[in-house]
Number of protein chains: 2
Amino acid sequence: MKIKQNIKIAVDAIVFGYQENQLFVLLIKQKYGDLKNQWALPGGFVKDDEPLKKAVVRELKEETGVKVTTMEQLYTFGDDLKRDPRLRVISVAYFGTVNPKELKLNAGTDAEEAKWFPLENIPKLAFDHKKIIQKAFERLKAKLNYQPIGFDLLDSKFPFSDLENLYTTILQKPIDRRNFRKKILSFDFIAETDEYRKVGSGRPGKLYVFKNKRYNDLLKQGISFEIKFA
Amino acid sequence: MKIKQNIKIAVDAIVFGYQENQLFVLLIKQKYGDLKNQWALPGGFVKDDEPLKKAVVRELKEETGVKVTTMEQLYTFGDDLKRDPRLRVISVAYFGTVNPKELKLNAGTDAEEAKWFPLENIPKLAFDHKKIIQKAFERLKAKLNYQPIGFDLLDSKFPFSDLENLYTTILQKPIDRRNFRKKILSFDFIAETDEYRKVGSGRPGKLYVFKNKRYNDLLKQGISFEIKFA
DNA sequence: ATATATTGCGTATATATTACACAATATGAA
DNA sequence: TTCATATTGTGTAATATATACGCAATATAT
């Protein structure tokens with residue numbers, strides 16, 4: 001069976017990190033080709049005998065040194081025929097979240113450099129990658145309404161305010177602290193420890209941990225967050 | 001720039017129809033090749049100079065005679081290397097909804113036959129198409145929670161019970177009629193007419209129409225349906 | 001006329017959301 | 001050491017939303 005078709009298929013990875021009240025995106029600087037030295041999302045062509053999911057995990061590892069296995073399919077970009085000016089490429093984008101503290105970047109042999117960029121300050125990117133990041137962020141934001149978040153992004157022990165700041169950062173609006181706390185605690189996916197963390201001045205905050213099982217159950221079954229109290 | 005990659009890319013269409021308290025899926029019987037006479041989703045290979053969205057619209061037209069332009073990207077199936085036993089094919093699935101009453105099917109030259117099948121009674125399908133339909137139905141179900149539905153599925157004038165039955169059919173559980181009505185009317189996306197429809201016995205129902213602008217606004221901005229009252 | 005099917009409709013109760021402010025505990029500077 | 005400043009921790013009342021629930025009205029079929 002012969003099909004005449006000259007389209008290539010690639011995967012791209014949007015990895016969000018969170019640190020000090022800011023969201024970051026992992027980017028690489030291209031090493032070869034026409035686009036040398038341009039910043040872009042990690043990604044590359046899919047191998048003939050490789051599932052899409054594995055392709056994106058592999059590319060991430062090769063180009064950034066980051067090992068993330070839980071990547072969610074975001075969208076397939078294939079309407080703009082010239083999104084890659086060199087040839088027709090359809091890209092399946094995946095996104096995921098990590099705690100940058102727990103990783104060290106390593107551009108390896110495939111990229112010139114791998115670096116975290118604040119979402120608010122993304123450089124000029126190759127292809128339609130800016131649009132892809134935009135879409136990924138919208139999805140992340142939408143997910144707050146129906147899934148718990150934080151496990152992959154925060155330290156394993158964290159003050160309550162970290163979780164609160166994560167939400168306000170992503171939602172880009174303030175939240176009533178008392179109502180937020182009440183709501184989160186009612187979901188029962190985090191638990192107090194008896195440790196405290198002091199950060200600069202101010203009363204030290206009690207540290208919390210994620211309740212693993214409950215958190216994962218809620219990921220699957222979904223929650224209804226509905227934060228209107230801005 | 002030469003990339004060695006031998007993967008083909010296809011699109012598949014899941015079109016849902018609704019009639020008499022049943023959801024239907026549009027299928028075609030293959031005309032050529034190894035899979036001749038097997039039922040499958042409408043779809044086919046993407047042309048080199050064709051956006052994905054156009055490819056799925058074209059294939060639908062060619063294989064079923066149905067002209068649907070609002071197709072939403074569902075998911076890209078590319079993890080199972082042998083989903084097409086003949087060669088590596090990655091399929092981008094799109095789904096949409098139509099009112100079967102307003103269409104006549106026409107298999108054209110590309111398919112042997114095009115036919116509506118009740119979702120509850122899908123025949124053996126080629127490839128992983130059963131899985132794809134399953135995923136599309138889950139998405140449709142999920143969408144009830146955050147978008148209005150019915151405009152594409154129901155007659156332009158419809159009794160309230162049609163909308164109610166559409167919801168119960170998709171959600172596969174009963175709904176309290178009074179609370180449902182209250183909720184729907186509060187969204188303000190349908191309006192009364194002064195016409196009535198009598199169907200067999202029983203009191204005739206007042207006919208409603210969709211408020212176009214409001215409906216579309218709600219599609220974009222989203223609603224919160226949250227039907228717990230089963 | 002009577003049985004049967006379907007539509008149309010309101011209220012009381014429970015639950016969830018929202019608005020809102022002050023005391024407790026730490027650090028840093030005078 | 002005291003005072004200013006920063007941050008955490010907490011409860012209640014008002015309002016809005018969700019839920020449970022049953023009967024009369026209007027048609028057809030016999």
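Quick note on labels: first sequence line is chain A, next is B, and so on, each numbered from 1. All of these numbers come straight from a predicted model, not from anything done at the bench.
- Between B:Glu195 and B:Lys157 a salt bridge is recorded (basic side-chain N to carboxylate O distance below 4.0 Å).
- Atom CD of B:Glu195 is separated from atom P of C:dT7 by 17 Å (rounded to the nearest Å).
- To the nearest angstrom, C1' of D:dA25 lies 15 Å from CZ of B:Arg178.
- Which of C:dA21, C:dG8, C:dT27 sits closest to the side chain of B:Arg177 comes down to C:dG8.
- Nucleotide D:dT17 holds its P atom 18 Å from the CZ atom of B:Phe180, rounded to whole Å.
- Base contact: B:Lys182 has a heavy atom under 4.0 Å from a base atom.
- Rounded to whole Å, atom C1' of C:dA16 lies 13 Å from atom CZ of A:Phe225.
- Listed candidates were C:dT27, C:dT25, C:dT7. Nearest to the side chain of B:Ser161 is C:dT7.
- Phosphate contact (OP1/OP2 of D:dG9, side-chain N/O of A:Arg181, threshold under 4.0 Å): present.
- Ion pairing between a basic and an acidic side chain is recognised when a charged N comes within 4.0 Å of a carboxylate O; A:Lys29 and A:Glu113 show such pairing.
- Summarising the geometry, the separation between CG on A:Asp176 and P on C:dA16 is reported as 18 Å, rounded to the nearest angstrom.
- The pair A:Lys183-A:Glu226 fails the salt-bridge criterion, with no side-chain N (NZ, NE, NH1 or NH2) lying under 4.0 Å from an Asp/Glu carboxylate O.
- Put simply, CG on A:Leu185 is 11 Å from C1' on D:dT10, counting in whole angstrom units.
- Put simply, A:Lys198 has no side-chain N or O that comes within less than 4.0 Å of OP1 or OP2 on C:dT25.
- Ring geometry for A:Phe187 against A:Phe189 counts as parallel: the plane angle stays under 30°, on a 0 to 90° scale with 60° as the upper cut.
- Atom pair B:Lys183:NZ and D:dA20:P shows a separation of 13 Å (rounding to whole Å applied).
- Base pairing of D:dA4: its partner is C:dT27, meeting the Watson-Crick or G-U wobble criterion (both donor-acceptor distances under 3.5 Å).
- Closest-nucleotide positions on DNA chain D for A:Val199 and A:Glu192 were compared, and the one nearer the 5' end corresponds to A:Val199.
- A:Ile175 has its CD1 atom 11 Å from the P atom of C:dT18, to the nearest Å.
- Residues A:Tyr75 and A:Phe77 bring their aromatic ring centres within 6.0 Å.
- Side-chain proximity of A:Ser201 to the nucleotides D:dA27, C:dT27, D:dG9 is greatest for C:dT27.
- Side chain of B:Arg203, nearest nucleotide from D:dA25, C:dA21, D:dC21: D:dA25.
- For A:Asn179, the side-chain atoms get nearest to C:dC20 when compared with the rest of D:dG9, C:dT25, C:dC20.
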